[in-house]
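Have a look at the structure below, then the notes.
Sequential numbering from 1 along the given sequence is applied to the chain's residues.
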Amino acid sequence: MFVIWGWGRKSKPTLYLGLKRCEREGTYQHFYVYRSYQHFSLFFIPFIQWSVKYYIGCSHCGLGMEIEKDQLPKCEALSRRLIGQKKADEMLNYLRNQYCMMGHDEHTKEDLMERITLTYDIRDHEKEVEHMIEAVMEEDRPQKFTQIV
């Protein structure tokens, strides 16, 4: 008889915290509260967990900051008030399409806000939609690249 065992660290997203600017990348990305823990597994099944930590991090690059467990209720309350990631992605795609169809120079934030209110119910989410519009308009700006010689 043989036994397969192992250990390691896992991180799983637990709460969606909306679209924020990532400090590392400089672009808008989805942020989550992650639960990170070390575990011992027996036959590939996590058996014992220890050293549980929580942190807020970027879903794209992983840049984050550790938070205390007592801050989780505030994060949960915020998460309940926000648009979910699936709906946010749908709205972002709609805004990108509108932005491209009308020509980039013709659009203002107000035009995009008006268009999205005709399609989606954004009551109580105006600030989030403003962030989305900023993200879409920022995507079109030329990126600064440095030439490596």
Side-chain angles (χ1 to χ4, degrees), residues 1-100 104 107 109 112-113 115-149:
M1 186 172 132
F2 62 95
V3 176
I4 300 173
W5 58 276
W7 68 91
R9 176 167 286 286
K10 283 191 177 187
S11 291
K12 294 183 179 181
T14 57
L15 294 170
Y16 178 64
L17 294 181
L19 199 64
K20 311 277 186 238
R21 182 183 299 277
C22 177
E23 291 179 19
R24 179 182 289 164
E25 298 181 10
T27 59
Y28 283 89
Q29 299 294 336
H30 296 288
F31 275 72
Y32 287 90
V33 171
Y34 288 89
R35 181 177 184 267
S36 177
Y37 57 90
Q38 289 187 302
H39 66 91
F40 172 79
S41 59
L42 190 59
F43 293 104
F44 305 105
I45 300 171
F47 203 76
I48 301 170
Q49 296 179 6
W50 71 92
S51 185
V52 177
K53 296 178 182 179
Y54 295 91
Y55 67 95
I56 295 173
C58 173
S59 63
H60 192 257
C61 71
L63 179 70
M65 133 183 118
E66 189 173 346
I67 61 171
E68 298 296 323
K69 191 172 182 176
D70 62 347
Q71 293 176 313
L72 284 178
K74 288 180 185 177
C75 293
E76 289 172 353
L78 174 65
S79 182
R80 280 193 297 272
R81 290 192 312 262
L82 294 175
I83 299 171
Q85 181 180 353
K86 192 173 184 178
K87 189 70 161 185
D89 283 337
E90 181 182 314
M91 292 170 80
L92 274 169
N93 287 333
Y94 175 81
L95 285 168
R96 285 181 186 118
N97 289 339
Q98 292 298 313
Y99 191 63
C100 288
H104 304 245
H107 276 297
K109 287 183 181 181
L112 288 172
M113 184 64 91
R115 287 182 175 272
I116 201 162
T117 54
L118 294 173
T119 308
Y120 295 95
D121 179 18
I122 62 164
R123 284 175 290 178
D124 304 324
H125 299 290
E126 287 87 4
K127 197 72 171 167
E128 283 178 86
V129 173
E130 285 177 18
H131 283 298
M132 289 182 201
I133 290 171
E134 287 173 15
V136 167
M137 293 177 88
E138 189 175 281
E139 287 173 357
D140 188 50
R141 292 187 193 132
Q143 301 293 320
K144 294 179 182 176
F145 292 102
T146 56
Q147 185 175 359
I148 301 173
V149 180

Between Glu138 and Arg21, does the salt bridge (Lys or Arg N to Asp or Glu O under 4.0 Å) criterion hold? Intermediate values first, please.
CA-CA 11 Å; Glu138 189 175 281; Arg21 182 183 299 277; 2.7 Å; yes

Going from OH on Tyr55 to CG on Leu63, what distance comes out if it is rounded to the nearest 0.5 angstrom?
10.0 Å

side-chain contact (heavy atoms from CB on, under 4.5 Å) between Met113 and Glu130, intermediate numbers included:
CA-CA 8 Å; Met113 184 64 91; Glu130 285 177 18; 3.5 Å; yes

Indicate the atoms forming the closest heavy-atom contact of Leu112 with Tyr99, along with that distance.
CD1-CD1, 3.9 Å

Does the side chain of Gln98 reach to within under 4.5 Å of the side chain of Ile116, using non-hydrogen atoms?
no

Within 6.0 Å of CZ in Phe44, more than 12 heavy atoms from elsewhere
no

Within a strict 4.5 Å, meaning less than it, do heavy atoms of the Ile133 and Val129 side chains meet?
yes

With sequence neighbours left out, the residues meeting side-chain hydrogen bond (donor to acceptor under 3.5 Å, both in side chains) with Gln49 are Arg35

Would you check if Tyr120 and Glu90 make a side-chain contact, meaning some heavy-atom pair closer than 4.5 Å?
yes

What do you reckon, is CZ of Phe47 surrounded by more than 12 foreign heavy atoms closer than 6.0 Å?
no

To the nearest 0.5 Å, tell me how far Cys58 SG sits from Arg24 CZ.
8.0 Å

With rounding to the nearest 0.5 Å, note down the distance linking NE2 in His30 to CG in Asp89.
3.5 Å

Flag the pair Pro13 / Ser59 as yes when at least one side-chain heavy-atom distance between them is below 4.5 Å, and no otherwise.
no

Could you tell me how the ring of His131 sits relative to the ring of Tyr28: parallel (under 30°), tilted (30 to 60°) or perpendicular (over 60°)?
tilted

Are more than 12 heavy atoms, taken from residues, nucleotides or ligands other than Trp50, located less than 6.0 Å from that residue's CH2 atom?
yes

Thr14 side chain to Val33 backbone, donor-acceptor under 3.5 Å:
yes

Interatomic spacing from CD1 in Ile56 to CZ in Phe31 - rounded to 0.5 Å
9.0 Å

For the atom pair NE2 (His39) and CZ (Arg9), what is the distance rounded to the nearest 0.5 Å?
9.5 Å

Can you give the donor-acceptor pairs under 3.5 Å from side chains of residues 67-84 to other protein atoms, not counting sequence neighbours?
| from | atom 1 | to | atom 2 | distance (Å) |
| --- | --- | --- | --- | --- |
| Gln71 | OE1 | Glu68 | N | 3.1 |
| Ser79 | OG | Tyr16 | O | 3.0 |

Quick one: does Ser11's side chain have a donor or acceptor within less than 3.5 Å of a partner on Tyr34's backbone?
no

Distance in Å, Met132 CE paired with Met91 CE, rounded so as to fall on 0.5 Å steps:
5.0 Å

Within-4.5 Å side-chain heavy-atom neighbours: Gln38 and Trp7:
no

Within a strict 4.5 Å, meaning less than it, do heavy atoms of the His60 and Thr27 side chains meet?
no

